[in-house]
Amino acid sequence: MDKAYDHKKHEREIYKKWEGSGAFKPGKEGKQFTVLMPPPNANASLHAGHAMYTIDDIVVRWKRMQGFSTVWIPGTDHAGFETQYVYEKELAKQGKSRMDFDRKTLYENIYKFVKDNSGLIYKQFKQLGFSADWERSVFTLDEKVLNRVWKTFMQMEKEGKVYRDEYIVNYCTHCGTSLAELEVVHEERTDPLYYIKYGPFELATVRPETKFGDTGVAVHPKDKRYTKFVGQEIEVEGLLGKFKVRVIADEMVDPDFGTGVVKVTPAHDPNDFEMGKRHGLSVKQVIGIDGRLNELTGRFQGLKVAEAKKQVVEELQKAGLMIEIDENYKHSVALCYKCRRVLEPMVMPNWFIRVDELKKPVIKVVENEEVKFFPKRFKKQMLQWLKIMHDWPISRQIAWGVKIPVWYEIEPENDNIYVWWLDKNSQLQQGVASEILKRGTPLSEIEEGLQRVKAKTGEAAPKYKVALDKPGENYLPETDTFDTWFSSGQWPLVTLSEEEYAARLPTDFMGTLEDILKFWISRMIMFSLYLQKVIPYRDVYLWSMVADAKGVKMSKSKGNVVNPIELVDKFGADALRMAMIFGVAPGSKIPLSDEKVKGMRNFANKIWNMGRFIELMFEAYGKEVEFYKEELFRPRLALEDMEIIKKLTKTVDVVNRGLEKYRFADAAEAIYEFLWHQLADVYIEKVKKREDKEVALSVVRHVYLTALKLLHPFMPFVTEAVWSEIKDLRKYPDQMLITSRWPV
RNA sequence: GGGCACUUAGCUCAGCUGGUUAGAGCGCACGAUUCACAUUCGUGAAGUCGGGGGUUCAAAUCCCUCAGUGCCCACCA
């Protein structure tokens with residue numbers, strides 16, 4: 001054996017051996033144990049967060065050694081919005097944008113992009129030693145997933161759980177899609193608050209540029225100052241001349257804010273939208289999906305929102321309508337979580353799922369702990385969120401995703417379908433579908449270059465059919481795609497085959513990052529209960545962010561991002577894995593530093609050298625030892641022999657209990673302490689002085705081999721490496737550690 | 001504004017349902033070492049357990065309160 005453990009010399013080879021032996025496949029015997037891998041983005045490369053999948057691997061290896069028929073099913077996610085965003089950045093480098101492509105081409109290009117960039121993450125997972133059954137890998141755009149997702153949608157549509165509605169959504173004019181509330185990030189900003197003259201009132205607003213879309217003005221019902229105006233139509237002087245709005249009284253207005261008067265712009269503010277709905281105000285859209293003011297804004301048409309605001313403010317001042325400007329107004333603004341631009345609340349048609357009924361059983365299984373959360377506090381977080389969860393907007397206006405299987409019927413006399421498409425010369429065109437057809441453009445041309453279809457909702461909505469294929473001549477497809485979580489939410493049902501449901505559902509363990517608790521965990525429980533009347537898994541273990549040595553969250557802007565693969569190169573996979581676990585409480589941040597990983601590399605080396613020492617001792621004294629394979633010299637054991645055996649038994653116990661409770665650090669620390677400070681520092685030092693070497697060696701061999709098993713789930717490579725180096729000292733020299741029996 | 005955590009050695013953190021000298025990893029100081037390992041070994045310094053109050057024979061551990069930090073949610077015209 002070499003003097004020091006060189007991970008580079010062993011890791012690759014050992015992994016090949018495992019994989020080639022079929023060790024990652026479920027055994028034919030034993031109870032089923034199933035773990036699903038949270039699918040990383042298909043085109044992603046490994047980041048520190050992924051390294052935490054180590055926890056899943058520990059559980060899987062542990063159960064496999066315990067004799068369960070264990071399988072860890074991996075997969076990748078198409079990650080709709082995330083991926084399209086990355087792709088568009090690539091496009092921008094070539095001076096192009098998504099607007100240069102029809103939808104079909106854009107999808108195909110992204111598909112190719114993803115294919116070209118996928119595979120890397122699995123390679124990296126393998127470098128970390130993950131023992132998943134790679135041949136079972138599922139991609140969320142695989143045929144079987146698509147079929148399942150469409151089937152689900154059709155069932156929900158049939159049962160009235162799906163509806164279309166005009167709804168105010170957060171729209172990112174840069175990314176070209178609406179976002180669910182969950183995807184919105186809020187940021188505290190200081191912006192000017194404008195006090196303007198507004199008919200008989202004065203009022204405060206941060207968005208004077210939306211004034212063109214005002215259809216009402218609101219006061220608090222109990223605000224005596226304004227009671228006499230309620231219900232009246234008032235005339236307001238505006239930049240485009242005078243206009244009339246109705247005064248409404250609504251509880252939502254805070255009489256203490258500003259002057260206690262609010263202008264109501266239902267098309268461009270979520271609260272105003274709600275208020276408008278309550279009082280029957282009309283919705284007047286003045287900002288388009290391109291982020292520019294539209295034809296209803298006169299000379300301001302075509303200006304981007306920020307520029308429009310500037311000009312409107314100037315003109316209000318000139319017109320004497322501006323009273324004062326508070327420059328230090330603090331409020332939070334909604335930002336796109338991806339591009340960090342300010343979102344534009346916008347009214348547009350969306351597909352929704354009614355969650356009231358669907359979430360009830362979810363709340364039940366969380367409350368009575370059929371699904372258990374580790375650490376426990378996430379149960380509360382989950383319940384809190386489930387209770388306020390409202391209808392889920394599942395449509396996204398991006399090309400990269402699972403298409404919504406719906407077709408709209410174009411009626412000759414109806415203007416309820418609006419389309420954007422690239423014509424024969426690749427020029428972007430838009431207009432009302434029925435009118436375009438009347439003007440002689442064939443439907444086939446629109447379909448060919450189709451970018452987007454926007455169909456009205458409510459009474460004006462066109463008839464539609466739910467179908468995968470075009471149901472008739474005069475139809476245009478829905479161009480929206482499903483929210484990524486709509487497909488990944490069905491993960492347990494698509495990774496397992498239907499024949500396996502009975503045996504492997506619920507699955508046993510789900511370890512994932514806490515920040516997708518609401519996006520993903522909740523939806524999986526919901527879909528599994530709705531579609532199969534079964535919970536998707538019994539135990540959910542949430543891990544937290546991987547942070548730097550100081551406990552600060554890693555981020556590119558702070559420059560403290562650690563690349564796990566570099567650490568693996570430097571110190572070995574075992575060292576990184578152990579560093580992720582050691583000294584980390586469940587649910588807390590995981591501080592990662594070179595020093596820590598280095599320390600664990602030293603531990604790996606210690607393990608190696610203990611093996612080396614034992615081998616050398618057996619070479620020197622082995623001939624005299626009746627060491628019939630892993631047996632102890634029971635009748636001649638010394639007191640210190642009994643002691644170390646007792647300590648081993650205790651360690652087995654602590655490791656088991658730690659793993660059972662998902663207290664991985666407890667388990668890891670116990671085995672670390674035992675191997676290094678009990679076995680190496682104390683017992684082995686005594687062995688050197690023993691006269692009855694044959695007895696001591698039988699003990700050291702037994703204890704060491706057993707301890708290697710305990711350590712294997714945490715540090716699989718080095719343990720497997722020494723295990724194989726000292727094969728002649730073992731009873732079954734050909735047996736691999738990965739499939740050996742867990743000590744009891 | 002509502003909720004959930006956290007505040008213990010220089011740093012990052014363990015200390016479960018209260019009970020003998022409060023622990024680990026890293027770091028630090030001093031020393032050792034041809035005999036498995038310098039990716040080593042030994043010895044050691046270092047904490048009034050965020051502040052205040054309470055319960056108890058006994059509190060880092062339970063309760064109240066104050067302060068700070070982090071996270072989740074809601075909302076901000």
Side-chain angles (χ1 to χ4, degrees), chain A residues 1-7 181-182 186 188-189 191 193-196 198 203-208 210 214 217-219 250 252-254 257-265 269-272 275 329-334 375-385 387-389 514-515 517-518 544-545 547-553 571-572 575 578-579 582-617 620 657 661 663 665-666 668-670 672-673 676-677 680-681 684-685 687-688:
Chain A
M1 283 172 80
D2 294 338
K3 206 169 168 188
Y5 173 63
D6 178 3
H7 62 269
E181 305 113 280
L182 277 175
H186 295 273
E188 186 92 339
R189 291 249 174 115
D191 281 314
L193 180 65
Y194 305 97
Y195 284 82
I196 57 174
Y198 205 85
L203 59 78
T205 178
V206 284
R207 301 207 58 187
T210 62
D214 292 358
V217 62
V219 298
D250 195 285
M252 197 182 259
V253 180
D254 176 2
F257 184 93
T259 56
V261 183
V262 194
K263 70 190 197 63
V264 186
T265 322
D269 182 279
N271 285 326
D272 293 6
M275 252 195 288
Y329 176 62
K330 270 196 189 148
H331 65 152
S332 79
V333 292
K376 220 175 170 175
R377 68 185 145 94
F378 290 110
K379 175 186 172 183
K380 278 187 189 167
Q381 219 185 82
M382 186 76 180
L383 283 174
Q384 186 191 356
W385 185 72
K387 276 168 189 161
I388 59 157
M389 176 185 188
E514 67 167 77
D515 59 359
L517 180 70
K518 290 162 305 215
S544 182
M545 288 294 168
D548 69 8
K550 295 270 175 213
V552 179
K553 190 174 161 177
F571 302 113
M578 196 64 168
F582 200 92
V584 177
S588 65
K589 281 179 305 195
I590 297 130
L592 196 60
S593 63
D594 264 42
E595 283 67 35
K596 190 171 180 193
V597 182
K598 193 172 147 196
M600 295 302 150
R601 188 272 316 262
N602 295 355
F603 179 53
N605 188 56
K606 191 76 189 178
I607 299 306
W608 174 263
N609 268 289
M610 287 165 78
R612 182 163 178 251
F613 171 78
I614 291 168
E615 190 189 41
L616 293 174
M617 290 302 270
R657 264 188 296 149
K661 290 186 188 161
R663 296 190 54 100
D666 289 2
E669 284 164 30
Y672 176 99
E673 156 73 18
W676 199 326
H677 301 305
D681 290 351
I684 284 183
E685 289 307 311
V687 170
K688 290 178 184 172

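Just so you know, these numbers come straight off a predicted model, no measurement behind them. To find a chain, count down the sequence lines: A is the first, B the second, and so on, and within it residues start at 1.
Counting to the nearest Å, the C1' atom of rC16(B) and the CG atom of D666(A) are 9 Å from each other. Between the P atom of rA77(B) and the OH atom of Y198(A) lies a distance of 15 Å, rounded to the nearest Å. Here the C1' atom of nucleotide rC75(B) and the CE atom of M252(A) are 9 Å apart, to the nearest Å. The nearest whole Å value for the distance from the CZ atom in F613(A) to the P atom in rC37(B) is 10 Å. Look at NZ on K3(A): it is 11 Å from C1' on rC35(B), rounded to the nearest Å. rC75(B) atom C1' lies 13 Å from atom CE of M275(A), rounded to whole Å. Taking atom CH2 of residue W385(A) and atom P of nucleotide rC72(B), one finds them 14 Å apart after rounding to whole Å. Rounded to an integer number of Å, the gap from CZ of R612(A) to C1' of rA36(B) is 6 Å.
Using a 4.0 Å heavy-atom criterion, one finds that L517(A) contacts no nucleic acid atom at all. Within 4.0 Å of G258(A), counting heavy atoms only, lies no atom of the nucleic acid at all. Across all strands shown, D272(A) has no heavy atoms under 4.0 Å from either base or sugar-phosphate atoms. Within 4.0 Å of V264(A), counting heavy atoms only, lies no atom of the nucleic acid at all. The residue A218(A) sits apart from the nucleic acid: no heavy atom pair falls under 4.0 Å. Heavy atoms of I614(A) sit nowhere under 4.0 angstrom from any nucleic acid atom. At the heavy-atom level, K688(A) lies under 4.0 Å from base atoms of the strands shown. Among the atoms of the strands shown, only primed sugar atoms or phosphate atoms (P, OP1, OP2) are found under 4.0 Å from some heavy atom of Y329(A).
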Self-check item: Letter per nucleotide, 5' to 3', of nucleotides 1-6 of chain B [B base touched, S only sugar-phosphate touched, - untouched; heavy atoms, 4.0 Å]
Solution: -BSS--
Quiz item: How does each nucleotide of nucleotides 22-29 of chain B score, in 5' to 3' order, for protein heavy atoms under 4.0 Å: base (B), sugar-phosphate only (S), or none (-)?
Solution: --SSS---
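Of the candidates rA77(B), rG15(B), rA36(B), the closest approach to any side-chain atom of R663(A) belongs to rG15(B). Among the nucleotides rG42(B), rC72(B), rA36(B), the one closest to the side chain of L616(A) is rA36(B). Here the side chain of R601(A) is nearest to one of rC41(B), rU39(B), rC72(B), namely rU39(B).
Taking CZ from R207(A) and CG from D214(A), the interatomic distance works out to 11.0 Å, rounded to the nearest 0.5 Å. For the atom pair CG (N602(A)) and NZ (K606(A)), the distance works out to 10.0 Å, reported to the nearest 0.5 Å.
With contacts defined as side-chain heavy-atom distances shorter than 4.5 Å, the pair F378(A)/L517(A) qualifies. Side-chain contact between M1(A) and W608(A) is present, with at least one heavy-atom pair separated by less than 4.5 Å. No side-chain heavy atom of T205(A) sits less than 4.5 Å from a side-chain heavy atom of Y198(A). K263(A) is listed as a side-chain neighbour of T210(A), based on a closest heavy-atom distance under 4.5 Å. Contact annotation: the side chain of D250(A) never approaches that of V264(A) to less than 4.5 Å [non-hydrogen atoms, C-beta and beyond].
With sequence neighbours left out, the side chain to side chain contact (heavy atoms under 4.5 Å, CB included) criterion links V206(A) to L193(A), Y329(A), H331(A). Under the rule for a side chain to side chain contact (heavy atoms under 4.5 Å, CB included), the partners of A604(A) that lie at least two apart in sequence or sit in another chain are Y5(A), M715(A), V718(A). Partners of E673(A) according to the side chain to side chain contact (heavy atoms under 4.5 Å, CB included) rule, which considers only residues two or more places apart in sequence or in another chain, are H677(A), Q678(A).
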Quiz item: How is the base pairing of RNA chain B summarised as a dot-bracket string, given the Watson-Crick and G-U wobble criteria with both distances under 3.5 Å, [ ] for crossing and | for another strand?
Solution: (((((((..((((.....[...)))).((((((....).))))).....(((((..]....))))))))))))....
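Closest approach of A4(A) and N609(A) over heavy atoms only: CA-ND2, 4.5 Å. Of all heavy-atom pairs between V584(A) and I590(A), the closest is CG1-CG1, 3.6 Å.
A salt bridge links E685(A) with K688(A); the closest basic N to acidic carboxylate O contact falls under 4.0 Å.
Here the separation of rG2(B) from rA14(B), taken at their C1' atoms, is 31 Å to the nearest Å.
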